[in-house]
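Single-structure report; data block below.
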Number of protein chains: 2
Amino acid sequence: MPETGSSLATRLRLAVVRLNRRLRAQRTSSSVTLTQLSAMSCLYKCGPLSPGELAAKEGVQPPSMTRVISSLEEAGHVTRAPHPSDGRQAIVSLSDQGREYIRADISAREAWLDQRLSELDEQERETLSRAAEIIDRMAGH
Amino acid sequence: MPETGSSLATRLRLAVVRLNRRLRAQRTSSSVTLTQLSAMSCLYKCGPLSPGELAAKEGVQPPSMTRVISSLEEAGHVTRAPHPSDGRQAIVSLSDQGREYIRADISAREAWLDQRLSELDEQERETLSRAAEIIDRMAGH
DNA sequence: GGCATATCGTTAGCATACCTCACGATCTCG
DNA sequence: CGAGATCGTGAGGTATGCTAACGATATGCC
């Protein structure tokens, strides 16, 4: 048990809570929130998904995703289309505008984080890179 | 540029957002939320603090901390006392009950995370440990 | 001493982001 | 062709942040 004062779970929890707060506080002039951006990133990487699949990948309940999708659709960043063979399901796709938006906005939103990362040395960035992969795997991805 | 598809900032952001969601979703039967637990942990480590100092350490604005403290005081986990020489300030201390609570509750709340961590190998835990330290430093501590 | 100003904590009001519960529409299977 | 499962959504509640504004106290300048 390495005695840095607290358990790994405690230190990791505190670190994640605080960084998450900082990230949410980065208000770009844009109207897209961090949660919405996360969902869009998912569509960007995975392609069109149903609301349920998207909720599962993001680790939220379906009703929560409904509202995220509605906001994004209203903004024109995603489109809802009926499933060809299953009338219950829908298919959410990133629109061209949404795709364009991601490329343009992520860098702005992440300016604060990029700045902090650039102040680290290469070894520390490598540690964070590996940690990000491990966390994503732990969080169920 | 390692081609895992996205920049380090993007991957780290997504990982933190998701793990934070998972941690908040761990509902112990207890009434203390993750934010409240974070504040209590701070008092546990730093000793009595004024509301303003606590807000600064947690990286939130004073009004946000006011509510957290009020809830914790109502639950009997912390106490508010007047500052001996400065009538504007107050001093927030962890009560004995609060101290007891932290010891008993953290392990329950972190059961999910502990379980996930135990599934990793030692090298991965070491990576997360270093990452937690780096993140805490980046987030301004 | 006395008033202008700064600081501290709080109140008030707002936005976001989750949740659970309940419901309607649709599919599937006996 | 009805019973039950599945999918998406609506309603309502809670937690967690924010900014703006306010009252109380401290400080400092004349």
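Reminder, nothing fancy here: chain letters follow the sequence lines and each chain counts from 1. Quick caveat: nothing in here was measured; it's all calculated off a predicted structure.
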In whole Å, what is the span from the [atom1] atom of [X] to the [atom2] atom of [N]?
X: B/I91; N: D/dT25; atom1: CD1; atom2: P; value: 16 Å
X: A/Q61; N: D/dT14; atom1: CD; atom2: C1'; value: 15 Å
X: A/L19; N: D/dT16; atom1: CG; atom2: C1'; value: 17 Å
X: A/R24; N: C/dA17; atom1: CZ; atom2: C1'; value: 7 Å
X: A/L54; N: D/dC7; atom1: CG; atom2: P; value: 14 Å
X: A/R18; N: D/dG17; atom1: CZ; atom2: C1'; value: 16 Å
X: B/L34; N: C/dC18; atom1: CG; atom2: P; value: 14 Å
X: B/E74; N: D/dA15; atom1: CD; atom2: C1'; value: 15 Å

Residues in salt bridge (Lys or Arg N to Asp or Glu O under 4.0 Å) contact with [X], at least two apart in sequence or another chain:
X: A/E133; result: A/R137
X: B/E53; result: none
X: B/R88; result: B/D86

Run the side-chain contact (heavy atoms from CB on, under 4.5 Å) test against [X] and tell me which residues pass, sequence neighbours left out.
X: B/E126; value: B/R130
X: A/R116; value: A/W112, A/E119, B/M138
X: B/T66; value: B/S70
X: B/P82; value: none

Test log, rule side chain to side chain donor-acceptor pair (under 3.5 Å), inputs A/S41 and A/S38: CA-CA 5 Å; A/S41 298; A/S38 187; 5.9 Å; no
Candidates C/dC18, C/dG9, D/dC18 - which lies nearest the side chain of B/Q89: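 Nearest nucleotide to the side chain: C/dG9.
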Give each protein N/O atom lying under 3.5 Å from an N/O atom of nucleotides 26-30 of chain C, with the pair distance.
residue	atom	partner	partner atom	Å
C/dT26	O3'	A/G87	N	3.3
C/dC27	OP1	A/G87	N	2.3

What are the two closest non-hydrogen atoms of [X] and [Y], and how far apart are they?
X: B/R18; Y: A/K57; answer: NE-O, 4.2 Å
X: B/L117; Y: B/R125; answer: O-NH1, 2.9 Å
X: A/A9; Y: B/D114; answer: CB-OD1, 3.4 Å

Sugar-phosphate, base or nothing in reach of B/T35, heavy atoms under 4.0 Å: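 The residue B/T35 makes sugar-phosphate contact but no base contact.
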Do the side-chain N or O atoms of [X] get closer than 4.0 angstrom to the phosphate oxygens (OP1, OP2) of [N]?
X: B/R21; N: C/dC18; value: yes
X: A/S64; N: C/dC19; value: yes
X: A/S50; N: D/dC7; value: no

Within 6.0 angstrom of A/Q123 CD, more than 12 heavy atoms from elsewhere: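 Check fails, neighbour count at 12 or below.
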Pairs involving residues 60-80 of chain A, ordered by first then second residue, that meet salt bridge (Lys or Arg N to Asp or Glu O under 4.0 Å) (sequence neighbours left out):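 Listed by first then second residue: A/E73-A/R80.
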Extract from the structure each pairing of a protein N or O with an N or O of nucleotides 9-11 of chain D at less than 3.5 Å, listing the distance.
residue	atom	partner	partner atom	Å
D/dT9	OP1	A/R80	NH1	2.5
D/dT9	OP2	A/T66	OG1	3.3
D/dT9	OP2	A/R80	NH1	3.2

Strand contacts (DNA chain D) in residues 36-43 of chain A, 4.0 angstrom heavy-atom criterion: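 None, since no heavy atom is under 4.0 Å.
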Salt bridge flag under 4.0 Å for residues A/R11 and B/D136: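 Result for this pair is no, no salt bridge flagged.
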Nearest-nucleotide 5' precedence on DNA chain C, B/R67 against B/E53: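 Comparing both residues, the 5'-ward one is B/E53.
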Divergence of helical axes at both termini of the helix from C/dG1-D/dC30 to C/dG30-D/dC1 - five pairs an end, 10° steps: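 Here the local axes at opposite ends form an angle of 10°.
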